[in-house]
Amino acid sequence: MKINFYPLDFDYQVKDGQTYVYLFGRTEQGERLCVVQAYKPYFYVQINDIDKEELTKKLSKLLIENKLEPAKVTSWEEVEKELLGKIQKLLKIYVNYPKAVPLISRELSSWGIECYEKDILFVHRYLRDQKILPMTLVQVEGELQKEGGLRVPLFIATKIEQVSHESIPKLKMLGIDIETYAKDKIIDLEKNPILMLAFYGVDEKGEEFRKVITWKRFTHKLDYLEVVSDEAELINRFKQVIIDYQPDILTGYFSDGFDLPYIKHRADKYHIELDIGLDYSSLQTGGKADFKEGEASITGILHLDVCKFIRYIFGKNLKTDSYTLDAVAEELIGHKKHVVNLDNLAHVWDDGLKELNDYCEYNLHDAHLVLQLCQKLLYDMIEFTKIVGLPTYDVIRMRFSRLVENYILKRAIEYNVLAPNKPVHEEVDQRMEETFQGAFVYEPIPGLYKDIIVFDFRSLYPSIITAHNIGPESFHCDCCKNVKEARVPTQDEYWFCNKEKKFIPTVLEQLISIRADLKKQIKEAKARKENTTILEARSWGIKTLANSFYGYLGFFGARWYCIECARSTTAYARNYILTTISKAEEVGFKVIYSDTDSLFVLLGEQGMEKALKFQKEINSHLPGQMELELESYYPRGIFVAAKGASDKGAKKRYALISKEGKLKITGFEMVRRNSSLIAKEVQEQVLRMVLEDKTKEAFDYAQKMIVELKAGKISLDKLIIKTQITKELKEYSSIAPHVAIAWQMIKKGERIAPGSVVQYVICKGSGLVRDRAKLPTEVKDYDAEYYLNNQVLPAISSIFAVLGYSEEELTKRSSQIGLGKFF
DNA sequence: ATCGAGTATAA
DNA sequence: GTTGCTACTCGAT
């Protein structure tokens, strides 16, 4: 019997001495199914200089006692694989169950034998070896079982084959959110019950499902509200709704760290078994609901904590710097905040007030937001799944380094490459000591410039890695020691193989080519007015992955760590940009700025043709996938001086205006979080006017704003300064204003953990700035002097300095008018 | 005046 | 994931 099937969630189990992989998902016809296939766990040992006969004799006798079943070696075979460019003789050792791998390999290591790939997760190994991509269509051959002991039919497969790379078209998704009792903001999962729990679902047909469960009787007209007798009943209903609704995906926002662990903890209290897994297993939670890293999983139901994916991967795409549900939902789906004061929930609950209606609505709204966010990001999550070839559950919980590593691990099978081991503790410490030089940044001359052309190298680091064959396998190869072209500029002792393209640069090169092809496809599809969401998600995923290779090579925890590779990549980059600067100057361009991969030149008297000719000339000499692009033309741009050195330009701080009048602001307060809105606003306006060649207007505007500021007319929200708390409060050696505010908030019962962003306003008074920092809710008089001297003036004086105005001139009128008005 | 700690952003 | 001879502010000396 053959069935076409989309695998979504994975698990494994050991039965009667055999290990079975469980693939939960849907058939092409949309029926839920669990496909089971036997697979054997294994790892490798290196036997280059080891007597095979003697070793295998010992292996066959090896038995390590373990709780349920002793670990033992079941069979072995001799194989050859490439480790960092060198062929190795290996023994592939099969063991009786997955957890026997670490037990046996530890024993073998103690014999002095080198073990490899002993920490690869069994399900990951299976998926990579079988070349199965989760979320895409596979064909399974085998038999449907009458009694499987699962909540879904069981199919025992003898063969599995990928049939299409198209991902599953429709999924049934359920968003959840809970509200808990929290008086004085104290979150205590032992004492405080769950008050309400909201579901927002959508099925394959697009039909919606809404439900809020609570256990307080009060007057309401909410058709989705279900009132039960107590918290235990609420938890029972939670369980039943999930069992009945049968979602493919359960989603929440921070549900790994809060909602699901909280539910689990409360269920344990009432001795309720949350056996909602499709194999009747319980909801699994790691860590406690105390805002530390944990994971929550349900066998057979794909649990996606959208917050993790956003924090680790997707957040870099967003403008928002706060990853609260409200901020992220507003940016991604345009939803405004639902206004209720959660601090009052405990009080309203105790008194059984009718305001509970608002909280139920709020609860449902959040579940809806979570669902919409998950739907919005689903394509990106699925495309990452397909690129990396691992379960979506794992992929969305990975950071860049693990995404890269797992992608490389997948490709390693095709190239018969053996994975190097992860560094052990001492090795990590040693690696963390090693540093290397980064990019080149040109020191600009402060000034207002006209007609600027910006060139940049497209994907500079990835293209250097591929063009120069940079990777641990090709580093210091035996064949190119005397090949001049293989040497790295400014790193005399380094060379990379010039004869054969090696593993890491090869897979990266393919990634870049695939992306180039995708971009072409997107362009064509757009011309045909087709939807390009999936193609764009794939393109973004590949780009993100490719850009992370350089960082990965220099990351201390990497299997394929190669600091020489990272160092060589930046050395080549500096060499290319410096050469390009010289060539630009040779052909008569005035270079005004450059940072890492970009080149700013003045167009001058020469026409655009000359710029294009220069670009073509450079490109004709670039190797491989390297390419210099003409990014854009800007009619005007401004570079300001570094503080305290009027002739030296500040690096990484400039502003440009496009032909269409769009501002491109880099590095200024304007784009920084820890600067007040008033400073940002004034700076943006001033930059705009200056770049629009309206200097006088800019000056008058700035003077006017200074007068308003001094007169106390600026509204509170524009004065708020936001700063992130990055470590435990007690660990701060100096108490800056943001730390002082954090302590104030703690006293009021707020939770401040590393990562929290605090807000404050500097008020009038005497003493240190930190003693005058107040919470926005407690501000009476803001300190106009502080905002003038520490926020607004620093933001604009460097700009006016370029135009020849001094700070005194800016504040002159304000002191006259300001005083006159006041007294 | 000068320096270290802390924060944030560019690429 | 990386480095930047970044760039700024605050607080301490």
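Below, chain A is the first sequence line, B the second, and so on; all start at residue 1.
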**Item:** Residue F436(A), side-chain heavy atoms: nucleotide from dC10(C), dT9(B), dT2(C) that is nearest
**Value:** dT2(C)
**Polar contact flag, side-chain donor to acceptor under 3.5 angstrom, N674(A)-H738(A)** = no
**Request:** Compare the minimum distances between each of dG11(C), dT7(B), dT9(B) and the side chain of R770(A), then state the nucleotide with the smallest one.
**Result:** dG11(C)
**Request:** Compute both the distance and the angle, then confirm whether R397(A) meets the cation-pi test with Y393(A): under 6.0 Å from the six-membered ring centre, within 45 degrees of the axis.
**Result:** yes
**Asked** Within this structure, what is the CZ-to-P distance between R574(A) and dT3(C), rounded to whole angstrom?
**Response** 12 Å
**Asked** Over how many whole Å does the gap from I721(A) atom CD1 to dC10(C) atom C1' extend?
**Response** 12 Å
**Prompt:** Base, sugar-phosphate, or nothing: which does L403(A) touch, judged by heavy atoms less than 4.0 Å apart?
**Reply:** nothing
**Asked** Looking at K386(A) and E383(A), does any basic side-chain N land under 4.0 Å from a carboxylate oxygen?
**Response** yes
**Asked** Would you say H738(A) reaches dT7(B)'s phosphate, i.e. side-chain N/O to OP1/OP2 under 4.0 Å?
**Response** yes
**P gap between dC5(C) and dG6(B), integer Å** = 23 Å
**Asked** With a 4.0 Å cut-off on heavy atoms, is A650(A) in touch with a base, just the backbone sugar-phosphate, or nothing at all?
**Response** sugar-phosphate
**Prompt:** Counting only heavy atoms not in E778(A), do more than 12 fall under 6.0 Å of its CD?
**Reply:** yes
**Fill in**
Testing dT9(C), dT7(B), dT2(C) for proximity to the side chain of N790(A), the answer is dT9(C)
**Item:** Selected nucleotide, minimal atom distance to P737(A) side chain, candidates dC10(C), dT7(B), dA11(B)
**Value:** dC10(C)
**Complete:** Among dG4(C), dT7(B), dT3(C), the one nearest any side-chain atom of T726(A) is dT7(B)
**Asked** Can you tell me how far the CZ atom of F384(A) sits from the CZ atom of F314(A), to the nearest 0.5 Å?
**Response** 10.0 Å
**Asked** Within this structure, what is the CG-to-P distance between L318(A) and dT9(B), rounded to whole angstrom?
**Response** 14 Å
**Message:** Counting only side-chain nitrogens and oxygens, does Y654(A) get under 4.0 Å of the OP1 or OP2 atom of dA11(B)?
**Reply:** yes
**Fill in**
Closest of dT9(B), dT7(B), dT2(C) to the F556(A) side chain is dT2(C)
**Message:** Just to be sure I understand the rule, does G551(A) reach a base, reach only the sugar-phosphate, or reach nothing, if contact means heavy atoms closer than 4.0 Å?
**Reply:** base
**Complete:** Per nearest nucleotide of DNA chain C, the residue lying toward the 5' end, A641(A) or Q437(A), is Q437(A)
**Request:** Between dC10(C), dT2(C), dG4(C), spot the one nearest the side chain of K652(A), thanks.
**Result:** dG4(C)
**Test ring-ring contact (aromatic ring centres under 6.0 Å, His included) applied to Y805(A) - qualifying residues, sequence neighbours left out** = F699(A), F800(A)
**Request:** Would you classify F555(A) as touching base, sugar-phosphate or nothing, given that sugar-phosphate means primed atoms plus P, OP1 and OP2, and contacts are heavy atoms under 4.0 Å?
**Result:** sugar-phosphate
**Asked** Base, sugar-phosphate, or nothing for F457(A), non-hydrogen atoms under 4.0 angstrom?
**Response** nothing
**Message:** Check whether Y461(A) reaches the backbone of A546(A) with its side chain - one donor and one acceptor, N or O, closer than 3.5 Å.
**Reply:** no
**Message:** Using a 4.0 Å heavy-atom cut-off, does S548(A) contact any base of the nucleic acid, only the sugar-phosphate backbone, or nothing at all?
**Reply:** nothing
**Request:** With heavy atoms under 4.0 Å as the rule, sort Y732(A) into base, sugar-phosphate or nothing.
**Result:** sugar-phosphate
**Prompt:** If you draw the axis of the six-membered ring of F614(A), does the NZ or CZ of K583(A) fall within 45° of it and under 6.0 Å from the ring centre?
**Reply:** no
**Message:** How many whole angstroms separate atom OH of Y442(A) from atom P of dC5(C)?
**Reply:** 15 Å
**Intra- and inter-strand pairs of DNA chain C in dot-bracket (Watson-Crick or G-U wobble, both distances under 3.5 Å; | for another strand)** = .||..||||||||
**Which nucleotide in dA11(B), dT2(C), dT7(B) has an atom nearest any side-chain atom of N674(A)** = dT7(B)
**Request:** Take atom CD1 of I470(A) and atom P of dT2(C), then tell me their distance rounded to the nearest Å.
**Result:** 18 Å
**Item:** Separation of L656(A) CG from K662(A) NZ (nearest 0.5 Å)
**Value:** 12.0 Å
**Request:** Please report, rounded to the nearest Å, how far the C1' atom of dT2(C) is from the CZ atom of R431(A).
**Result:** 15 Å
**Message:** What's the closest nucleotide to the side chain of V671(A) if the choices are dA10(B), dT7(B), dC5(C)?
**Reply:** dA10(B)
**Asked** Would you say dG1(C) has OP1 or OP2 under 4.0 Å from some side-chain N or O of N547(A)?
**Response** no
**Asked** Hey, do the aromatic rings of Y552(A) and F400(A) have their centres closer than 6.0 Å?
**Response** no
**Asked** Are OP1 or OP2 of dT6(C) and a side-chain N or O of Y593(A) less than 4.0 angstrom apart?
**Response** no
**Request:** Describe the nucleic acid contact of R653(A) in one word from base, sugar-phosphate, nothing, applying a heavy-atom distance below 4.0 Å.
**Result:** sugar-phosphate
**Request:** Select one nucleotide: of dT7(B), dA8(B), dC5(C), the one nearest the side-chain heavy atoms of R673(A).
**Result:** dA8(B)
**Distance, rounded to the nearest Å, where D595(A) contributes CG and dT3(C) contributes C1'** = 11 Å
**Message:** What is the separation between atom OH on Y572(A) and atom C1' on dA11(B), rounded to the nearest whole Å?
**Reply:** 21 Å
